[in-house]
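To start, the structure under review is shown below, and the notes come after it.
Here is the naming used below: chain letters follow the sequence lines, and residue numbers restart at 1 for every chain. As the structure is a computational prediction, the values presented were derived from the model and not from experiment. Note that these values count all heavy atoms, side chains included, but never hydrogens, waters or copies made by symmetry.
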Number of protein chains: 2
Amino acid sequence: MKKDTTYYGVKEIARRANVSIATVDRVIHNRTGVSEKTKRKINDIIKELDYQPNILASRLASRKIITLAVLIPRVSEETDFWEAPLRGIKRAESEIKKYGIEVLHYFFDLNDKNSFEEQARKLLKEDVQGVLLSPSFIEESKEFVQACHTKKIPLAFIDSDLPGQDNLCYIGPHLFHSGYVSAKLLTYRLKENHKVLVVNISKEIDYNYQQIEKGFRSYFTDHNQPCEIVRIDIADTDNLSVTNALTRVLHEHKDLEAIFVTNSRVFAVASFLKKSKRTDISLIGFDFLKENINYLNEGLIDFLICHKPEEQGYRGLMALYQKLVLGAPVEKVHFMPIDIITRENQAFYQN
Amino acid sequence: MKKDTTYYGVKEIARRANVSIATVDRVIHNRTGVSEKTKRKINDIIKELDYQPNILASRLASRKIITLAVLIPRVSEETDFWEAPLRGIKRAESEIKKYGIEVLHYFFDLNDKNSFEEQARKLLKEDVQGVLLSPSFIEESKEFVQACHTKKIPLAFIDSDLPGQDNLCYIGPHLFHSGYVSAKLLTYRLKENHKVLVVNISKEIDYNYQQIEKGFRSYFTDHNQPCEIVRIDIADTDNLSVTNALTRVLHEHKDLEAIFVTNSRVFAVASFLKKSKRTDISLIGFDFLKENINYLNEGLIDFLICHKPEEQGYRGLMALYQKLVLGAPVEKVHFMPIDIITRENQAFYQN
DNA sequence: AACGAGCTCGGGTACGTACCCGTAAATATA
DNA sequence: TATATTTACGGGTACGTACCCGAGCTCGTT
């Protein structure tokens, strides 16, 4: 590296303070063994010189390994959505491993708040320097975020945000706009009645869902497009519950033109429509799951909205790396593109 | 750093090949002074071990400084738009300077293709490892990109893209969608006639302009909103030319409801509207310039569309740094948000 | 006064890579 | 054959920081 640039390191600080490099090092990492007087003197020089540590050298010399943790949903039989973020996380891991980064994995069950709390508790017992979190459960996540905050552990959120909560960054979809775009796409398929059904299939009413529906409804109000919106919550995610609920609502509202599913479980609705031969109803939902793609290709699903989940995992972990290792600034919010997948372009999609 | 992770460095390669570290180093940087036989042997071991150099150590040990160059428009009296990217570039510079990065600046005149070519020629004479480019002039930029390509110099584009041209990344607005959003906003202000004027004030007809107008028109066709679109090009950017051109067109089309300016020179139109007391006409354009903000506050401009120009500069340079120094992958396209600025929120905007 | 505990501090080595300098061997030139 | 030149390689130091291993010093205790 060039020397002519006016850059001062520990050596210069030591020289000016008439102490050794080791003493300067002790002050910088505020370890014990330095008198108040020299500590003050060194700190003054550090401030005067606006000393910026060389992170390259620092990481190289450090024998300490940095431990990161990820706390995300387990890949379940119900939905393989979380395969993609995990893939991205592992890709990031293999890239940064050689710089002394170790990553611990904690998985919770999306149908079980307790499992989240349990895994969070386990995680907090370890000495981790950063956490990648999918804050699926609002209240529980808030508590966890609070705990991390007191331990000064930076947090990166993926997939869904937790507004108002202190974090390093959020990497994921703009939920409101995703709902908005969904509504837009849906209008392409509307004909006469302008009557649509919003379906939320989830054990927990989460933040994601609320924002998405808000955006969805906003589109119609924004565009002054009158549209009757029927909505149901299906709290049990098994096939029978979905079938029963949909049978009931379709019986009540015979003139439904389209269905919007607020998460990746759109395949469950597609399966129902196929069985009940209601292929006249348009269907739109989220995420590039194998099952969803199948129904997309069969023509039962019209559109899928995707947010590059693998990249979310990759970027989330890399954000922590950037912050902790390189000391580089991290952008607070990074919205993923709102990708629109149809039968025609799905083959080329990079999930 | 931890040792237990199976990581092999030059030392291990040297040990296995029964040569010194220096020889391995020669092979890695394919310098001269190694016999074909040992070179082959070492290369085989490198491949076998899947050797990944430690970039931290590499940069630390290297006395070589990495030279980057930026080739962007000069800040002119006509428009101070390029102040913002330059600010971002300088911010990035000060952050990476200490890792031996030097940045050369080349500025060209947006009204003069020749100045671009001249600066490009100057730049190519230097031994630079990466270039941050604003490809304002299509043909000239393509030539320049070609030259960089043969010299294997990675290129980061900001502000406008050059599709089909080989580059490291593009960081900037989605031009088409910016036009699209502009049209959307404009419809908020339309009343009866649905007649709008598109104004392009520029010496050169650039790629930006074409894409933006395309997006603008698409909105109306997409939404089947019939709208008569009048358009003029004003090739001379001085005040008199603008005044003359606008006077003529407003005389011809007395029932214009709104004007869309396809770049940051919307202030010139605002000034004209103010003088000719045509405050009934809605106005929309681009960029957070001081003059534009003044007219926004006066109510002459209704909306400004912005794309975080400072961040574009910052991220553009950082992308090159990421690639060249950290060896980290860089995302090929990063679209900036399409920010909507009104009189009400402009005070809070981060340009 | 002698001793040890505790505090303050410096020397020196290591991290993984880059590269300068020197040297022995191989080859060319006389 | 003797000498010059080239080729092929190794030793060793440096980059800026972290941290181990002590050394000296002060002060209280006996």
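Between Ser58(B) and dG16(C) there is no side-chain N or O to OP1 or OP2 distance below 4.0 Å. Residue His29(B) places no side-chain N or O under 4.0 Å from the OP1 or OP2 atom of dC19(C). Between Thr23(B) and the phosphate of dA8(D), there is no side-chain N or O to OP1/OP2 separation shorter than 4.0 Å. Tyr51(A) has no side-chain polar atom (N or O) that falls below the 4.0 Å cut-off from OP1 or OP2 of dG16(D). At least one side-chain nitrogen or oxygen of Ser35(A) sits closer than 4.0 Å to the OP1 or OP2 atom of dC9(C). Contact annotation: Lys39(B) side-chain N/O to dA8(D) OP1/OP2 distance is not under 4.0 Å. Contact annotation: Tyr8(B) does not reach the phosphate of dT17(C) (side-chain N/O to OP1 or OP2, under 4.0 Å).
Computed from coordinates, the Ile13(A) CD1 to dG16(D) P distance equals 13 Å when rounded to whole Å. Between the NZ atom of Lys37(B) and the C1' atom of dA26(C) there is a distance of 14 Å, given to the nearest Å. Across the protein-nucleic acid pair, Asn54(A) atom CG and dG16(D) atom P stand 7 Å apart, rounded to whole Å. Taking atom CG of Asp25(A) as the reference point, atom P of dG11(C) lies 14 Å away to the nearest angstrom. Nucleotide dT13(D) holds its C1' atom 12 Å from the CD1 atom of Ile21(B), rounded to whole Å. Spacing between atom CD1 of Ile42(B) and atom P of dT17(C) amounts to 14 Å, rounded to whole angstrom units. The distance from atom CD1 of Ile28(B) to atom P of dT17(C) is 7 Å, rounded to the nearest whole Å. The separation between Ile46(B) atom CD1 and dT17(C) atom C1' is 13 Å, rounded to whole Å.
Toward the 5′ end of DNA chain C lies the nearest nucleotide of Val19(A), the other residue of the pair Val19(A) and Arg31(B) mapping further downstream.
Here the side chain of Thr38(B) is nearest to one of dA18(D), dT8(C), dC9(D), namely dC9(D). If you check dA18(D), dG11(C), dG10(D) against the side chain of Ala22(B), the one that comes closest is dG10(D). The side chain of Ala57(B) approaches dG16(C) more closely than any other nucleotide in the set dG16(C), dC19(D), dC19(C). The listed nucleotides are dC9(C), dA18(C), dC15(C); the one nearest the side chain of Lys11(B) is dC15(C). Taking only side-chain atoms of Leu60(B), from C-beta outward, the nucleotide of dC9(D), dA14(C), dG16(C) with the closest atom is dG16(C). The side chain of Ser20(A) approaches dG10(C) more closely than any other nucleotide in the set dG10(C), dG10(D), dA18(D).
Contact annotation: the side chain of Glu118(A) approaches that of Arg121(A) to within less than 4.5 Å [non-hydrogen atoms, C-beta and beyond].
For the helix from dA1(C)-dT30(D) to dA30(C)-dT1(D), the angle separating the two terminal helix axes comes to 60°, with each axis derived from five pairs and the value rounded to 10°.
Counting only distance, with no hydrogens or angles, the side chain of Lys323(B) and the backbone of Gly130(B) share no donor-acceptor pair below 3.5 Å. Without hydrogens or angle criteria, Gln312(B) side chain to Asp159(B) main chain gives a donor-acceptor distance under 3.5 Å.
Taking the six-membered ring where the residue is Trp, Tyr170(B) and Phe335(B) present perpendicular rings, their angle passing 60° and hence far from 30°.
When heavy atoms are screened at a 4.0 angstrom cut-off, Gly33(A) is found touching base atoms of the nucleic acid.
Because its NZ or CZ atom is not both nearer than 6.0 Å to the ring centre of Tyr99(A) and within 45° of the ring axis, Arg59(A) does not count as a cation-pi partner of that residue.
For the pair Tyr8(A) and Tyr51(A), the tightest heavy-atom approach, listed with the atom from each and the gap, is O-CD1, 3.5 Å.
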Check the pair Leu68(A), Leu132(A) against side chain to side chain contact (heavy atoms under 4.5 Å, CB included), reporting the backbone distance first and the verdict last.
CA-CA 8 Å; Leu68(A) 305 178; Leu132(A) 178 64; over 6 Å; no

With side chain to side chain contact (heavy atoms under 4.5 Å, CB included) as the test, would you mind laying out the steps for Ser141(B) and Phe157(B) before giving the verdict?
CA-CA 10 Å; Ser141(B) 295; Phe157(B) 294 168; over 6 Å; no

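The base of dG10(D) sits within donor-acceptor range of the side chain of Arg26(B), with an N or O pair under 3.5 Å.
Of the candidates Arg87(B), Lys90(B), Arg315(B), Arg87(B) is the only one forming a salt bridge (Lys or Arg N to Asp or Glu O under 4.0 Å) with Glu310(B).
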